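Inspection log for the structure reproduced underneath, given as structure tokens.
Since we're looking at a predicted model, the values are computed, not measured. In what follows, every chain begins at residue 1, and chains take the letters A, B, ... in the order their sequences are listed.
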2 protein chains.
Amino acid sequence: MSPKPDVSEERIEQITEAATKVFAEQGFDKARMDDIASEANLSKGTLYLYFKSKDAIITHLLDRLFEREFADLRTLATTDRPASEKVILFTDAIIADLQNWTRLIPIMYEFLGRLFRQSVVQQAFKKYMRYYLDMITPIIQEGIDAGEFHATDANAVSIALGALFEGTILLWVYDKESVDLQKHIRAGVELLMKGLQA
Amino acid sequence: MSPKPDVSEERIEQITEAATKVFAEQGFDKARMDDIASEANLSKGTLYLYFKSKDAIITHLLDRLFEREFADLRTLATTDRPASEKVILFTDAIIADLQNWTRLIPIMYEFLGRLFRQSVVQQAFKKYMRYYLDMITPIIQEGIDAGEFHATDANAVSIALGALFEGTILLWVYDKESVDLQKHIRAGVELLMKGLQA
DNA sequence: TATAAATGACTGACCAGTCAGTTATAAGGA
DNA sequence: TCCTTATAACTGACTGGTCAGTCATTTATA
């Protein structure tokens with residue numbers, strides 16, 4: 001039928017990759033459409049064949065940001081292990097995935113600046129947060145019910161754990177010389193678990 | 001001598017206040033100098049009498065951001081109390097100061113986006129981090145030496161504590177309905193302390 | 001050869017920064 | 001008390017540069 005094959009999926013991927021790189025380097029506002037185009041080896045006009053605006057590209061990045069997140073983490077929750085072990089496995093999975101994440105951190109924080117004024121961004125982060133809580137809180141509760149952890153508010157514990165993950169990354173961004181991501185996330189979680197088991 | 005009194009200090013304060021508000025609402029890039037001017041009840045030209053550029057205003061905000069920080073927290077470190085109590089006092093002081101901080105959080109995160117590409121911002125955040133570590137690590141070490149806390153890496157504990165503070169704020173920004181800043185910071189620190197004393 | 005895909009020069013909106021002109025007032029004099 | 005004057009403080013129309021988004025034209029290939 002069509003005299004040419006549909007390349008739109010490939011182009012969208014190509015543009016997304018280029019945009020991720022350019023936005024990470026320059027920030028959303030300073031980055032020019034021409035920068036993204038040349039990074040993608042396309043012309044500016046072509047970008048507009050696949051995205052209706054610069055903002056549409058940014059929104060697309062937001063959609064993809066948390067997409068892969070927790071992909072196989074879900075399976076962890078269902079394995080038949082003590083809760084404390086699950087938390088450790090969970091932590092290890094997050095640490096193992098950090099390498100993939102670090103390149104997205106500038107983009108994450110770029111979005112944080114917009115979180116206060118764009119409800120789309122707000123919704124995305126809230127969804128991410130709820131997703132995390134829904135996954136981890138049952139594990140903590142399970143540990144409490146089994147007498148493995150002393151009785152406490154499982155939700156508060158989940159928040160403390162999440163704060164440790166996100167906070168350690170943040171401190172690492174503040175000062176990469178003082179913080180060893182892997183080591184300090186692990187140390188923090190261990191300390192928290194010890195408090196939970198005390 | 002001079003036929004007019006020097007109002008520059010007052011004007012700088014006025015402009016700084018207006019800029020803080022406008023930048024928090026619009027972000028550094030979208031905010032226009034005219035917006036800041038009208039918020040400050042001045043004309044755009046006047047802004048340039050006191051700051052040589054938009055970026056100079058932003059840099060000034062960065063300088064002031066951490067300025068008042070830890071002002072009276074230092075005195076806490078020198079009081080003659082058990083280390084665990086000092087940590088609690090420290091936490092309470094931070095919580096008490098949160099109200100003043102929340103309005104600056106959008107600005108903080110605006111800077112985070114620039115942290116990856118502007119060394120001035122990098123330096124400021126690193127300095128803030130070091131300042132924090134220098135204050136809290138000796139307290140933890142003191143607790144370890146006194147046998148109050150079990151032997152561990154005092155530096156790692158400080159980082160875990162800092163991650164809890166910063167991370168809880170971050171999660172609160174993600175989802176204000178799920179996180180109660182005061183309650184969850186306190187709960188996290190208590191859990192961590194329990195682990196430290198176990 | 002029909003048409004999907006790609007191009008890049010162009011346009012209109014936007015805005016940081018400038019500067020020639022205006023306003024307000026402290027100080028000195030009548 | 002009321003001018004006068006020197007000058008600090010302020011103003012806002014204007015300029016030059018930037019860039020998102022458009023579209024008439026060109027290129028590639030089924």
Please report the distance, rounded to the nearest Å, between [atom1] in [X] and [atom2] in [N].
X	N	atom1	atom2	answer
B/Asp6	C/dT25	CG	P	16 Å
A/Glu10	C/dA4	CD	P	18 Å
A/Ile12	C/dA5	CD1	C1'	14 Å
A/Gln26	D/dT18	CD	C1'	14 Å

Is there a path of hydrophobic side-chain contacts, each under 4.5 Å between heavy atoms of I, L, V, M, F, W or Y residues, that connects A/Tyr131 with A/Met129?
->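 Same cluster: A/Tyr131 reaches A/Met129 through Ile, Leu, Val, Met, Phe, Trp or Tyr contacts under 4.5 Å.
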
How far does CD of B/Glu25 sit from CG of B/Asp35, to the nearest 0.5 angstrom?
->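 The CG atom of B/Asp35 is 9.5 Å from CD of B/Glu25, to the nearest 0.5 Å.
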
Taking only Lys NZ, Arg NE, NH1 and NH2, and the carboxylate oxygens of Asp or Glu, determine whether A/Arg103 and A/Glu17 approach each other closer than 4.0 Å.
->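 Yes, A/Arg103 and A/Glu17 are salt-bridged.
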
Does A/Glu110 come within less than 4.0 Å of A/Lys30, counting only side-chain N to carboxylate O?
->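 No, A/Glu110 and A/Lys30 are not salt-bridged.
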
DNA chain D contacts made by residues 32-55 of chain B, counting heavy atoms under 4.0 Å |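 By residue number: B/Leu42, B/Ser43, B/Gly45, B/Thr46, B/Leu49, B/Tyr50.
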
Do other residues, nucleotides or ligands put more than 12 heavy atoms under 6.0 Å from the CZ atom of A/Arg81?
-> no

Taking only residues at least two apart or on different chains, which pairs with a member in residues 45-58 of chain A satisfy side-chain hydrogen bond (donor to acceptor under 3.5 Å, both in side chains)?
->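 Non-adjacent pairs meeting side-chain hydrogen bond (donor to acceptor under 3.5 Å, both in side chains): A/Ser43-A/Thr46.
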
